[in-house]
**Q** 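Dumping the structure here so I can ask a few things about it.
Counting begins at 1 with the first residue of the sequence. Counting starts at 1 for both ligands and their atoms, following the listed order.
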Amino acid sequence: MAVPIAKALGLRVIVTGNARAKERFLAMGVDRYLDYKTENYWDALSEVDHVIDTLGPAEFDHELSVLKKGGRLVSLRTGPNKAFALRHQMGGVKKLLFTLAGSKYDNAARKQGKEYRFLFVRSNGEQLKEITRIVEEQQIRPAIDPHVFSLAQANEALQLVAKGPLNGKVILQL
Ligand SMILES: NC(=O)c1ccc[n+]([C@@H]2O[C@H](COP(=O)([O-])OP(=O)(O)OC[C@H]3O[C@@H](n4cnc5c(N)ncnc54)[C@H](OP(=O)(O)O)[C@@H]3O)[C@@H](O)[C@H]2O)c1
């Protein structure tokens, strides 16, 4: 979903992922697609404004390296930091823990004049309104895996989610 939303905002979008997903992403208007098994994005890219990370700490240095100065790395997985705690108005022990846990990433980013952020999805009416507008205007449809399960097959559906390979969201038909 990040891809069509980013395209709707007028951004140039580069994705790194598996070979299976390449055509699907190019059809969404992705400007460049790198197959992570054959091409290292950190060799191919530089001066990027924003990175969205779904892979976690092992990729942090590579992701930071492709950003331009002033660029921002937003992670769904690497871990919370002080800015995350402040944004969510956390105090006391939580703020201290997140500050300590995230300091390694904050410091590394700051040294290069870049910013590290952690994001945890939550409902936000104002943002959802804006996203709904983009989804309707651009007629964005989520990727859906071709397997459709009945409710009685819920365990099989969960197995597919756990083990893959997945080509989108898994549907239970009621
Ligand atoms: N913070 C939050 O609010 C939030 C929200 C949603 C998700 N998440 C987290 O975000 C992570 C990703 O979610 P997801 O649903 O996208 O995970 P996923 O379903 O596990 O998908 C991972 C995808 O990344 C590909 N991949 C693996 N290694 C790669 C690499 N080095 N470079 C590029 N692509 C690679 C995989 O390809 P293969 O098929 O080749 O393995 C697979 O297609 C999960 O850990 C999830 O918990 C966090």
**Q** Quick check on L151: does its CG atom have over 12 non-hydrogen neighbours (other residues, nucleotides or ligands) under 6.0 Å away?
**A** no
**Q** Quick one: do H50 and V74 satisfy side-chain contact (heavy atoms from CB on, under 4.5 Å)? Show the steps, please.
**A** CA-CA 7 Å; H50 303 273; V74 180; 5.6 Å; no
**Q** Which class fits the ring pair F84 and H88: parallel under 30°, tilted 30 to 60°, perpendicular over 60°?
**A** tilted
**Q** Would you mind writing out a table of all protein N or O atoms found under 3.5 Å from any N or O atom of ligand 1, naming both atoms and giving the distance to 0.1 Å?
**A**
unit_1: ligand 1; atom_1: 1 (N); unit_2: L76; atom_2: O; d: 2.9
unit_1: ligand 1; atom_1: 1 (N); unit_2: L119; atom_2: O; d: 3.0
unit_1: ligand 1; atom_1: 3 (O); unit_2: V121; atom_2: N; d: 2.7
unit_1: ligand 1; atom_1: 37 (O); unit_2: N18; atom_2: ND2; d: 3.1
unit_1: ligand 1; atom_1: 39 (O); unit_2: N18; atom_2: ND2; d: 2.9
unit_1: ligand 1; atom_1: 40 (O); unit_2: Y36; atom_2: OH; d: 2.7
unit_1: ligand 1; atom_1: 43 (O); unit_2: N18; atom_2: ND2; d: 3.1
unit_1: ligand 1; atom_1: 45 (O); unit_2: R77; atom_2: NE; d: 3.1
unit_1: ligand 1; atom_1: 45 (O); unit_2: R77; atom_2: NH1; d: 3.2

**Q** Quick check, are the ring centers of Y116 and F60 under 6.0 angstrom apart?
**A** yes
**Q** Just one of R72, K68, K69 clears the salt bridge (Lys or Arg N to Asp or Glu O under 4.0 Å) bar with E115, so which one?
**A** R72
**Q** With rounding to the nearest 0.5 Å, note down the distance linking CD in Q153 to CD in Q173.
**A** 10.0 Å
